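Working notes for the structure below.
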Amino acid sequence: MSTPYPFTAIVGMADLRLALLLNAVSPAVGGVLVRGEKGTAKSTAVRALSALLPPVEVVPGCRFGCDPAVPDPACPDGPHGPDAGAESRPARMVELPVGASEDRLVGALDIERALAEGVKAFEPGLLADAHRGVLYVDEVNLLHDHLVDLLLDAAAMGASYVEREGVSVRHAARFLLVGTMNPEEGELRPQLLDRFGLTVEVAASRETEERVQVVRRRLAYDADPAGFAAAWQAEERELRERIAAARALLPSVSLGDGALRQIAATCAAFEVDGMRADIVMARTATALAAWDGRTDVTDADVRQAALLALPHRRRRNPFDAPGLDEDKLDETLERNRGEDDDPDPGPDGGGPDGGGRPPQGDDGTPDTAPDIAPPREPADSAAQPEGAQPEPAQAPQGGVGERAAVPAAEPFKARALTVPGLGEGAAGRRSRARTAHGRTTGARRPQGALSKLHLAATVHAAAPHQRARGRGGPGLVIRRDDLREAVREGREGNLVLFVVDASGSMAARQRMSAVKGAVLSLLLDAYQRRDKVGLITFRGATAELALPPTSSVEAGAARLDRLPTGGRTPLAAGLLKAHDVLRVERLRDASRRPLLVVVTDGRATGGPEPVRTAGRAARLLAAEGTASVVVDCESGPVRLGLAGELARELHGTAVTLDELRADSVAALVRDVRRAA
């Protein structure tokens, strides 16, 4: 077993360290979501935390980690009597791989034995292993939605339920949940963001000395992990003792009415949905007081709790970056100070060294385990404060016939565009597909281990053989060959590749604004349907892959916002670029079906024989079975219908900008029904 990097040796990242330590003090806070660019030691910090957690007492031989003092009455390995004994073991840190199956997460119930022998044979999953420890999910934004739902439900209820065809098993599952993610690879849905208690943004330091210290310590650790860990043993022991002391003090901490009013007023002022934010803030402020060795919650505790618990709960759509206006926060807290405000934290503002900042080490870097994290400086990619005006997009320089980018029109709810047929791709919400979850459409013999039993088909297969098998009682005699698994149909996520015409024929300001608004609406739809997206633009003489296929629709929106226009219309170049991108993506992920969305007025004026070449490129895509939709951007009283001709060449469909709106489709249906 490798030696983990010491938690106390981590340089900087005060918010991350504080959030992890607060959850170690009070797991009821609800876990931590760590957002940040690659290479910022997110995983290192999480793995280092497990070594600080106090050991746990467990019932010997119990696979579910039952506490001998309060054993779980529903434990599948129970019941555990008062003479079951006890043994001590370190708190576990369990990692959930992105590609894990549902059975690996929650456990597997042996359906064959349950039917044939009438026994519950249950193999525990990762949730059972993580009970009373840490469950770490790296790249949580890439985890399948149904696994995230199961994970967060277990974290909220403190228990895991496994049900298969009327046979159910329940066991305790209380753990510190930590997820890490790189926002460039896609966001979590707002509903799932809300289920994490705290969130922190991490970024590599821009301070030279701090970066030097990070590299120096990492090289020393890599050269001698055991020796490096031994050098930090005293600091680790002190921090471990402080966590234990804070846990013991936590029940004695008082949350006064004044602090509670500040919490409620802050959540209302920032318009967060629901009441979970208020509860998380209250628990976090209480944990902060215990961590600081106090029994009263102060204004500073409430402020720090807001900075950790609210930013990710303020997003209204996937294009909003997390953030909090700290001036507005301070005004809200000051306006709602209660009569029972907490005692003065100190002459200099409440920091452990009297200065409102964490203690400094000998090298000038922040010491580990700060009492109160320092004020956060926004990362390069952080959201601007409320009311701040974004920097204007820079006009392109030097292009012939090039025009500055125009803002997008207000996005709208787009109609559902789907890939025909039945796929078997990644779980999502766009096109029909065979999936592990959904409505049952049939049955088949198991392919591998049986997990989704089709009970009626199994009984139907076994029934004709009962006399030959010597059945003498009321139960069926079932053999392995009789078992049938359910075939289910749900929805899959697709690769939506946008090919956007940015030529001079599209460059009229009003038209381009409408086009950008339409593509932005489709990007929002792709986010909600859990698709990957890519963006190709064509103008002048060439086509450009502005955004390689990714799960981050925010990146697509940013590229679209800066899109310049002008020049001729190389339609063929755009279609051929799409062909090349789709060919590569089929090699990377053959099961994810593509949907090509071409946004154009259909004109082709760039390159040799532009019309003929564009037709050949369209037929090439059609021959490979690429599902296509052409969004016709032509406007005015006289229309050439070129986009419709392109759609026919692609063997796809054409829709106008107006028809792309879901409300226009609904209105059309209503008109048809009235006419009938």
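Not measured: the values here are computed from a predicted model.
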Sidechain N-carboxylate O distance under 4.0 Å for [X], [Y]:
X: D67; Y: R132; result: yes
X: D257; Y: R261; result: no
X: R303; Y: E326; result: yes
X: K532; Y: D589; result: no
X: R294; Y: D296; result: no
X: D138; Y: K42; result: no

Problem - Donor-acceptor side-chain pairing of Y136 and T180 below 3.5 angstrom - result: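 T180 and Y136 do have a side-chain donor-acceptor pair below 3.5 Å.
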Would you indicate whether the side-chain heavy atoms of [Y] and [X] approach each other to under 4.5 Å?
X: V162; Y: R170; value: no
X: C267; Y: L310; value: yes
X: V32; Y: F196; value: no
X: D72; Y: F64; value: no
X: N336; Y: T266; value: no
X: E236; Y: Q233; value: no
X: H131; Y: H171; value: no
X: L21; Y: F7; value: yes

Hey, what do you get for [atom1] ([X]) to [atom2] ([Y]), rounding to the nearest 0.5 Å?
X: R283; Y: L198; atom1: CZ; atom2: CG; value: 11.5 Å
X: N23; Y: I243; atom1: CG; atom2: CD1; value: 11.0 Å
X: R47; Y: M93; atom1: CZ; atom2: CE; value: 5.5 Å
X: C62; Y: D77; atom1: SG; atom2: CG; value: 5.0 Å
X: D129; Y: L96; atom1: CG; atom2: CG; value: 11.5 Å
X: L255; Y: Q262; atom1: CG; atom2: CD; value: 10.0 Å

Locate the shortest heavy-atom distance separating [X] from [Y]; write the atom from each residue and the value.
X: H312; Y: G197; answer: CE1-O, 3.8 Å
X: L20; Y: L176; answer: O-CD1, 4.5 Å
X: L53; Y: A24; answer: CD2-CB, 3.7 Å
X: V25; Y: L250; answer: O-CD2, 3.9 Å
X: L151; Y: F175; answer: O-CZ, 4.1 Å
X: A277; Y: V272; answer: CB-CG2, 3.7 Å

Problem - E87 atom CD, neighbour heavy-atom count above 12 within 6.0 Å - result: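 Correct, the count exceeds 12.
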Practice task
On the 0 to 90° scale, with breaks at 30° and 60°, tag the F228-Y5 ring pair as parallel, tilted or perpendicular.
Solution key: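 Taking Y5 first and then F228, their aromatic rings sit tilted (interplane angle of 30° to 60°).
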